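All figures in this text were calculated on a predicted structure; none of them were measured in a lab.
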Amino acid sequence: MKLTAQYPQLNVHKETINYLDGSEQALADIVANEHFNEFTSWQNRQDWAQYYHLSPLRKNVLSWINFSGRPLRILELGAGCGAITSYLVTLPKSEVIAVEGNVKRAKIIQNRCKNVTNLTIEACKLDAYTPEKKFDLITLIGVLEYAGKYETVDQPFLTLLRRTEGWLSENGMVICAIENQLGHKYIAGAPEDHYGIPYEGINNYPHNNGVRTFTKTTLSKLFIRAGLTAQHWYYPYPDYKLPSVIYSDCALTLPEFDFMALTDVPPEPNENRNPTFCERSLLSLVKKEGVTAAFMNSFILVASREKNEEFLDNNRGMLAVKSNVKFRAPSYQTYTIFKKNGDEIEVMKRKVFPDSKQPKCDVKLYVKGKPEPYYYSKTSIFEKSVDAILNNNYPGAFETLLTWIKKIDSMAYPMQVAEREQYEKAVKKNIGQVLYLEHLEKQWVSGEFIDLVPLNILIPKTRFFNYDEIVLIDMEWQVPFAIPMQLVFDRGITLLADKMFKIIKPHKIAVDKTTLLPAGLYELFKELPLFQTHNRNDLSLFESWFQHTIMQKTETIPPLNQFIEKVVSLVEKGMNQHAVNYYDMYRGKFSVMPEMHKFDAIIASIRRKLSP
């Protein structure tokens, strides 16, 4: 018997707004589908706006906060299409009121949150809403910047904040997420989010239509004038829209915490394909000056009238939270929490959905579930090799990477017939053919170490160290069969080239066109036996299966050649925006390969033509 869906109450007021981004009809159809799933329906969305509204990354802006589980009356101002609403209604004992100015969007929220019993939706302008009771939490996620366009008063931003402050309960909080007018990506030439024009915010909005963002100092003063004097600042990266990491103020200033090691700088995908300088270098420089917060791309501001001791107690010591949710099925999604406990820093990885069972397949997620130490005196082999290259020290980078290769070699052992047969059976079942045929008689490595890549190996920051000082971290993926040593090397060197290429690109460092490794490093690597037998084709097939399994997709990630053919086809048809959207959806899942160098440049050129 099919159950009839129950929908939350929707109240449509007289005063509404006509703001739409063009994705609403498609979203309405998606959420109306009986198979709509909050955690998987974002997959295969080639349209950027649809992906943005459905991506699980959206929820990261709030999901890291410990609200203690007590009952909360929550007001969400500017609820959009329900990306944040769908998270707020999951908070235990919460009562949520979502105010959205556009009726079509409000109906999307109603459908998206069907069968939710703790939600009321008000379709009206923010200045037309009058609540009956006070709220413990009010959110302004991507909303404050629009006040100048929709508030018909002289001081629209301050008016909205004062109104919001007046709706708070005695210990209530406002959580505001907004772009930083001085964000490093905007200084490097990324288009301003609301105008699509590079340097629009940096030039203080010469095309101002009422929408604008603020610097940290200006935003702080605005909240103080509104009576919200107790402020706690956090910094989502790469921004608040699709954050993968949340940093606290302390994380950006603590000398013994390396915040940049947690994420890609620049991120992928990155709307600014040709930054005017290396953003990584800028962040390193401003950290030394103690002003990093002023240049982060976005802010999350938790503000209240007076210091909220409960919030501080619940989130005390939090330095950073890194999420891995984008290309993962719910059972594989994790948070890594960095927390200061006295004089020590602890690292704790946990599953986002601890009760979810992993599917029966040959990719296993390993989570210890207990705190581990943070090794400040050590750095990853990847970070150390990148620093050496940026200082034109190619022998130093090569020497560092040799430590990784020696570590792989120390864990390798001769082929065992039973293990080889198990590998052949598993790979043939999952991929349809046996990979790395020419390496089956050579060295093997346990499937526990498939993640033995330069990013996951820590070494002392000093030049000389003992081999036993090496530490393995974040070895979260495992396969239940032994694998050829060449496969482990191929995964590591390809990931290394991919991430290294993004970092060194603004420095105009010459690269080898075959591997996209820095040319100086390639010259040192090319004589190594493992490098000479690098098998890109087999690695591509293995990674396609591996990533498809992690995502639990109904549609397999396309093989590299099909991916390129699809994008080229869309370009040839004049569907440039669709080509860029499709590229952004899947590019991050393909490692750097020779075919991609020219291809990436073509997409960058198209992207520039599409910019207003």
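Separating the CG atom in L455 from the CG atom in L495 is a distance of 5.5 Å, to the nearest 0.5 Å. Interatomic distance, I30 CD1 to Q25 CD, rounded to the nearest 0.5 Å: 10.5 Å. Separating the CZ atom in F39 from the CG atom in L54 is a distance of 12.5 Å, to the nearest 0.5 Å. D387 contributes atom CG, which lies 6.5 Å from atom OG1 of T379 (distance to the nearest 0.5 angstrom). Atoms CD1 and CZ, on I345 and F338 in that order, are 9.5 Å from each other to the nearest 0.5 Å. To the nearest 0.5 Å, atoms CD1 (I300) and CD1 (I141) are separated by 7.0 Å.
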Go through it in stages, so that I can follow the logic: the residues are D490 and Y436, the test is side-chain hydrogen bond (donor to acceptor under 3.5 Å, both in side chains), and I'd like the CA-CA distance, side-chain angles, deciding distance and then a yes or no.
CA-CA 11 Å; D490 288 356; Y436 287 91; 2.7 Å; yes
Side chain to side chain contact (heavy atoms under 4.5 Å, CB included), that's the test. Do E279 and K185 meet it? Break it down for me.
CA-CA 7 Å; E279 295 168 73; K185 73 174 182 178; 3.5 Å; yes
Mind running ring pair (Phe, Tyr, Trp, His ring centres under 6.0 Å) on F531 and Y522 for me, showing each step along the way?
CA-CA 10 Å; F531 194 76; Y522 170 78; 5.8 Å; yes
For L517 and V511, what are the C-alpha separation, side-chain angles and deciding distance, and is it a side chain to side chain contact (heavy atoms under 4.5 Å, CB included)?
CA-CA 6 Å; L517 284 170; V511 298; over 6 Å; no
Could you go step by step and tell me if W404 and I470 meet the side chain to side chain contact (heavy atoms under 4.5 Å, CB included) rule?
CA-CA 10 Å; W404 162 57; I470 294 174; over 6 Å; no
Going through the checks in order, is the side chain to side chain contact (heavy atoms under 4.5 Å, CB included) test met by Y375 and V347?
CA-CA 10 Å; Y375 298 96; V347 185; over 6 Å; no
Is there a ring pair (Phe, Tyr, Trp, His ring centres under 6.0 Å) between Y237 and F259? Walk through the geometry before answering.
CA-CA 11 Å; Y237 189 87; F259 74 91; 8.6 Å; no
S356 vs Y332, side-chain hydrogen bond (donor to acceptor under 3.5 Å, both in side chains): CA-CA, chis, key distance, verdict
CA-CA 9 Å; S356 63; Y332 288 127; over 6 Å; no
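Using a 30° and 60° split on the angle between ring planes, Y51 and W48 fall in the tilted class, from 30° to 60°. Classified by interplanar angle (parallel below 30°, tilted 30° to 60°, perpendicular above 60°), the ring pair F489/F525 is tilted. In this structure, Y234 and W64 have tilted ring planes: the angle between them lies in the 30° to 60° band.
With hydrogens and angles disregarded, a donor-acceptor distance shorter than 3.5 Å links the side chain of K364 to the backbone of C361. Checked by atom type and distance alone, the side chain of Y467 pairs as donor or acceptor with a backbone atom of K407 at under 3.5 Å. The backbone N or O of A49 sits less than 3.5 Å from a side-chain atom of D47, completing a donor-acceptor pair. Looking only at distances, a side-chain donor or acceptor of K114 sits under 3.5 Å from a matching main-chain atom of V31. Panel note: side chain N430, backbone A426; a donor-acceptor pair is recorded below 3.5 Å. Here the side chain of K378 pairs no donor or acceptor atom with the backbone of L458 at under 3.5 angstrom.
Cation-pi geometry between R58 and Y52 is met: the NZ or CZ atom falls under 6.0 Å from the ring centre, inside 45° of the normal. Under the 6.0 Å distance and 45° angle rule, K461 counts as a cation-pi partner of Y376.
Taking the side chain as every heavy atom from C-beta outward, T403 and I457 never approach each other to under 4.5 Å. Looking at heavy atoms from C-beta onward, L62 lies in side-chain contact with Y87 at the 4.5 angstrom threshold. Between I483 and V479, some side-chain heavy-atom pair lies under the 4.5 Å cut-off. In this structure the side chain of C113 reaches within 4.5 angstrom of the side chain of T85, judged on heavy atoms. You'll find the side chain of I389 reaches within 4.5 Å of the side chain of L521, heavy atoms only. Side-chain contact between W444 and Q416 is absent, with no heavy atoms from C-beta onward closer than 4.5 Å. Between L472 and M475, some side-chain heavy-atom pair lies under the 4.5 Å cut-off. Contact check for V367 versus Y335: no side-chain heavy atoms found under the 4.5 Å cut-off.
S540 and N537 are not linked by any side-chain donor-acceptor pair at a separation below 3.5 angstrom, with hydrogens and angles left out of the test. If you check the side chains of S86 and E38, you find a donor sitting under 3.5 Å from an acceptor. There is no side-chain donor-acceptor pair under 3.5 Å between D239 and N297. Between the side chains of T533 and Q486, a donor-acceptor pair is found at a separation under 3.5 Å. Checking N535 against E438 by side-chain atom types alone, a donor-acceptor pair falls below 3.5 Å.
Under a cut-off of 6.0 angstrom, the local environment of NZ in K349 is crowded, with over 12 non-hydrogen atoms contributed by other residues, nucleotides or ligands.
Considering every non-hydrogen atom in both K351 and S331, the closest pair reads CE-O, 3.4 Å. In terms of heavy-atom proximity, S380 sits nearest to P454 at CB-O, 3.9 Å. Here the closest heavy-atom approach between residue P243 and residue L57 is recorded as CD-O, 3.3 Å. Listed here is the closest heavy atom pair of H439 and P484: CB-CB, 4.3 Å. The two residues W477 and L365 make their nearest non-hydrogen contact at CZ3-CB, 3.8 Å. The two residues P460 and F465 make their nearest non-hydrogen contact at CG-CB, 3.5 Å.
A salt bridge (charged side-chain N to carboxylate O under 4.0 Å, His left out) with E476 is found for exactly one of R328, R350, K368, namely R328. A side chain to side chain contact (heavy atoms under 4.5 Å, CB included) with F481 holds for exactly one of E419, K425, Q422, E424; it is Q422.
By the 4.0 Å N-to-carboxylate-O rule, K526 lies too far from D512 to be salt-bridged with it. Using a 4.0 Å cut-off between charged side-chain N and carboxylate O, K499 and E383 make no salt bridge.
In this view, D451 and R491 satisfy the salt bridge (charged side-chain N to carboxylate O under 4.0 Å, His left out) rule, not counting sequence neighbours.
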